[in-house]
Trainee: 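Sharing a structure here in structure tokens format.
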Amino acid sequence: VQLQASGGGLVQAGGSLRLSCTTNGAWIREMGWYRQAPGTERVLVASIVRDGTTNYEDSVKGRFTISRDDAQKTIYLQMDRLLPEDTAVYFCHAQRADGSYWGQGTLVTVSS
């Protein structure tokens with residue numbers, strides 16, 4: 001399973017970005033986005049499971065939206081009202097019955 005992430009960049013506080021992650025595998029039990037800021041652990045930002053149920057880290061609730069396009073085998077993370085503390089490398093993750101898979105990170109930098 002390969003995961004191809006894209007969409008990071010530099011944005012001012014209050015702005016928006018959309019991350020995309022496309023997989024070459026069959027639909028996966030759960031997919032999500034994690035982020036890792038310098039000197040910190042990688043943490044879950046948002047996830048979506050097969051039935052569409054979503055889960056968000058508290059600090060992004062109401063600002064970030066995770067969604068999926070089954071036909072394109074892609075998940076998205078729409079990030080609105082970005083804050084400087086959202087600055088991190090964002091990683092796409094897929095959980096299948098046979099294991100856990102990671103995409104390459106994409107850097108999101110939010111300037112104040």
Trainee: Write down the atom of Ile75, the atom of Cys92, and the distance for their closest heavy-atom approach.
Mentor: CD1-SG, 4.2 Å
Trainee: Could you tell me if Arg35 sits above the aromatic ring of Tyr90, with its cationic atom closer than 6.0 Å to the ring centre and no more than 45 degrees from the axis?
Mentor: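 So Arg35 doesn't make the cation-pi contact.
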Trainee: Would you check if the side chain of Glu57 reaches a backbone N or O of Ser59 as a donor-acceptor pair within less than 3.5 Å?
Mentor: yes
Trainee: Give me each pair satisfying salt bridge (charged side-chain N to carboxylate O under 4.0 Å, His left out) with a member in residues 97-112, each pair once, sequence neighbours excluded.
Mentor: Arg96-Asp98
Trainee: Within the distance-only criterion (no hydrogens, no angle test), does the side chain of Arg81 pair as donor or acceptor with the backbone N or O of Ala13 below 3.5 angstrom?
Mentor: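 Judged by distance alone, no pair lies under 3.5 Å.
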Trainee: If you look at every heavy atom in Val45 and Tyr34, which pair is closest and at what distance?
Mentor: CG2-C, 3.9 Å
Trainee: Apply side chain to side chain contact (heavy atoms under 4.5 Å, CB included) to residues Thr23 and Val1 and explain how you reach the verdict.
Mentor: CA-CA 7 Å; Thr23 176; Val1 174; 3.6 Å; yes
Trainee: Between Leu17 and Leu82, is a side chain to side chain contact (heavy atoms under 4.5 Å, CB included) present by the stated rule, with each step listed?
Mentor: CA-CA 8 Å; Leu17 283 174; Leu82 282 159; 4.2 Å; yes
Trainee: Where is the tightest heavy-atom contact between Val89 and Gly105, given as atom of each residue plus distance?
Mentor: CG1-CA, 3.6 Å
Trainee: Within the structure provided, determine whether Met31 and Ser47 are in side-chain contact (heavy-atom separation under 4.5 Å).
Mentor: no
Trainee: Taking side chain as C-beta onward, heavy atoms only, is Leu77 less than 4.5 Å from Thr65?
Mentor: no
Trainee: So Asn55 and Leu44, do their side chains get closer than 4.5 Å, heavy atoms only?
Mentor: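 Yes, at least one pair of side-chain atoms sits under 4.5 Å.
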Trainee: Measuring only between side-chain heavy atoms, which start at C-beta, is Arg50 closer than 4.5 Å to Arg29?
Mentor: no
Trainee: Tell me, please, which residues at least two apart from Arg63 pass side chain to side chain donor-acceptor pair (under 3.5 Å).
Mentor: Asp86
Trainee: Do the side chains of Tyr56 and Ile66 get nearer than 4.5 Å, heavy atoms only?
Mentor: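 The answer is yes; the side chains approach within 4.5 Å.
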Trainee: Is a side-chain N or O of Thr53 found less than 3.5 angstrom from the main chain of Asp51, in a donor-acceptor match?
Mentor: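 Here the side-chain-to-backbone pair does not exist.
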Trainee: Do Lys73 and Arg68 come within less than 4.5 Å of each other through their side chains, counting heavy atoms only?
Mentor: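 Lys73 does not reach Arg68 side chain to side chain.
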Trainee: How many angstroms lie between atom OH of Tyr76 and atom OG of Ser6, to the nearest 0.5 angstrom?
Mentor: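 Here the interatomic distance stands at 9.0 Å.
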Trainee: According to the interplanar angle, ranging from 0 to 90°, do the rings of Trp102 and His93 count as parallel (below 30°), tilted (30 to 60°) or perpendicular (above 60°)?
Mentor: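 The arrangement is tilted - the two ring planes meet at 30° to 60°.
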Trainee: Is the backbone N or O of Gln2 less than 3.5 Å from a side-chain atom of Asn24, with the two atoms forming a donor-acceptor pair by type?
Mentor: yes
Trainee: Under 4.5 Å between any side-chain heavy atoms of Met79 and Val108, yes or no?
Mentor: yes
Trainee: Looking only at heavy atoms, which two atoms of Ser16 and Asp80 are closest? And how far apart?
Mentor: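 Here Ser16 and Asp80 meet closest at OG-OD1, 2.7 Å.
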Trainee: Would Thr87 and Glu85 satisfy side chain to side chain contact (heavy atoms under 4.5 Å, CB included), going step by step from the backbone distance to the final call?
Mentor: CA-CA 5 Å; Thr87 295; Glu85 49 263 47; over 6 Å; no
Trainee: Val60 and Phe91: same hydrophobic cluster, using ILVMFWY side-chain contacts below 4.5 Å?
Mentor: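 No.
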Trainee: Name the atoms and distances for all side-chain donor-acceptor pairs under 3.5 Å in residues 36-43, with sequence neighbours left out.
Mentor:
from  : atom 1 : to    : atom 2 : distance (Å)
Gln36 : OE1    : Arg42 : NE     : 3.4
Gln36 : NE2    : Thr40 : O      : 3.1
Thr40 : OG1    : Ala37 : N      : 3.1
Thr40 : OG1    : Ala37 : O      : 2.7

